[in-house]
Number of protein chains: 2
Amino acid sequence: MHDDYRIDNLDRSILTALQADARTPYAELAKRNGVSPGTIHVRVEKMKQAGIITSAQVVVDPKKLGYQVCCFIGINLKAAGDYPAVLEKLQALPQVVEAYYTTGHYSIFTKILTHNIDALHALLVHEIQSIEQIQSTETLLSLQQPIHRQIAP
Amino acid sequence: MHDDYRIDNLDRSILTALQADARTPYAELAKRNGVSPGTIHVRVEKMKQAGIITSAQVVVDPKKLGYQVCCFIGINLKAAGDYPAVLEKLQALPQVVEAYYTTGHYSIFTKILTHNIDALHALLVHEIQSIEQIQSTETLLSLQQPIHRQIAP
DNA sequence: GATGAAAAAATTTGCGG
DNA sequence: CCGCAAATTTTTTCATC
């Protein structure tokens with residue numbers, strides 16, 4: 001969990017394959033890389049231990065679950081010290097799938113999914129803008145997400 | 001791949017578990033939900049077929065791979081029609097891990113990972129701002145990402 | 001460290017309700 | 001559509017190099 005492990009080309013190849021498909025059999029990876037399945041297993045375990053691999057997740061298409069609207073909401077706080085309190089309230093809203101503490105235009109930057117525009121409107125007015133430490137918000141509506149990938153290892 | 005499958009509570013329970021850990025054994029899920037492993041298998045396959053489950057991915061911690069800097073770059077184009085050409089150039093930059101076509105403040109909104117601030121500076125000046133269809137950019141540096149989750153099914 | 005075969009575990013299939 | 005259980009595949013271990 002806290003080694004500073006330096007990955008080599010084999011690790012890189014394994015990671016790239018597992019980023020695309022976490023269920024790629026180790027025997028398959030072994031064959032592709034000219035090593036034994038045992039070696040693949042050892043490398044994966046090491047990368048888990050080192051915290052390089054944090055988890056394996058099934059990825060769900062939000063649209064298929066009825067979440068048709070994706071947007072970003074930039075938030076400005078009345079005071080910088082209000083950050084923890086606001087974050088706690090955002091955490092309680094399941095539609096807030098990502099939040100970043102940022103410098104630049106906004107104090108907090110969030111990614112949000114809702115079923116439709118009406119639901120976004122309701123969330124914005126009744127849940128977000130009603131948080132008293134929030135001074136102002138700005139909404140960027142996403143019409144399309146043409147790039148969606150993980151960093152190349 | 002394009003059925004309109006309406007998920008029930010069992011599907012929801014399976015999805016929630018697999019979003020957290022794609023390797024949860026079906027036997028475990030079966031026990032938790034009081035059904036047989038075969039049933040879990042059938043449900044997962046159906047959700048894959050319906051496009052609800054798009055993939056299973058190993059998730060990598062960018063910081064452990066040396067990507068210390070996370071930021072967003074909002075891009076404004078000279079002309080709306082330049083969108084496809086610019087996108088193609090962004091696609092070729094591996095540091096651009098997400099791109100959104102947005103309304104509001106920016107035309108294209110991107111999420112970017114780099115090794116350090118110098119690398120971000122170089123990317124911005126030499127790769128992004130030098131794309132001729134881009135009129136202006138604005139950078140939001142992320143200092144922390146306190147919320148990072150998938151939508152609850 | 002890596003190997004590779006053997007043991008253990010999980011997934012997948014198919015018959016029967 | 002579900003359950004059960006056998007058949008297959010995958011993961012994991014371990015003695016050895």
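Worth saying up front: this structure is predicted, and the values here are computed from it rather than measured.
- Annotation: the span from A:Cys71 atom SG to A:Leu123 atom CG amounts to 8.0 Å, rounded to 0.5 Å.
- If you take CG of A:Leu29 and C1' of C:dA2, they are 16 Å apart, rounded to a whole angstrom.
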Under 4.0 Å protein heavy-atom contacts per nucleotide of nucleotides 11-17 of chain D, with B for base, S for backbone only and - for none:
SSB----

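- Rounded to whole Å, atom P of D:dT8 lies 20 Å from atom CD of A:Glu28.
- The aromatic rings of A:His41 and A:Tyr26 sit tilted relative to each other, their planes meeting at an angle between 30° and 60°.
- Note: B:Phe109 and B:Phe72 have parallel aromatic rings, judged against thresholds of 30 and 60 degrees for the angle between ring planes.
- The distance from atom NZ of B:Lys31 to atom P of D:dG3 is 16 Å, rounded to the nearest whole Å.
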Decide yes or no on side-chain contact (heavy atoms from CB on, under 4.5 Å) for B:Ile53 and A:Val59, but give the supporting numbers first.
CA-CA 6 Å; B:Ile53 293 176; A:Val59 180; over 6 Å; no

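- In this structure, the CG atom of A:Asn9 is 17 Å from the C1' atom of C:dG1, given to the nearest Å.
- Between the CD1 atom of B:Ile14 and the P atom of D:dC2 there is a distance of 10 Å, given to the nearest Å.
- Applying the side-chain contact (heavy atoms from CB on, under 4.5 Å) criterion to B:Pro153, with sequence neighbours excluded, gives A:Leu65, B:Ile7, B:Arg12, B:Leu15, B:Thr16, B:Gln19.
- In this model, the phosphate group of C:dG4 is not approached by any side-chain N or O of A:Ser36 to a distance below 4.0 Å at OP1 or OP2.
- Listed pair B:Thr39 / D:dG3 meets the phosphate criterion, a side-chain N or O lying under 4.0 Å from OP1 or OP2.
- In this structure, CD1 of B:Ile7 is placed 18 Å from C1' of D:dC1, rounded to the nearest angstrom.
- Under the 3.5 Å distance criterion, the side-chain polar atoms of A:Gln150 are matched with a main-chain donor or acceptor of B:Val60.
- Rounded to an integer number of Å, the gap from CG of B:Asp8 to C1' of D:dC2 is 13 Å.
- For residues 79-96 of chain B, every residue pair satisfying the side-chain hydrogen bond (donor to acceptor under 3.5 Å, both in side chains) rule, not counting sequence neighbours, is listed here: A:Gln144-B:Tyr83.
- Atom CG in B:Asp21 sits roughly 14 Å away from atom C1' in C:dA10 (whole-Å rounding).
- Residue A:Arg43 places at least one side-chain N or O closer than 4.0 Å to OP1 or OP2 of C:dA2.
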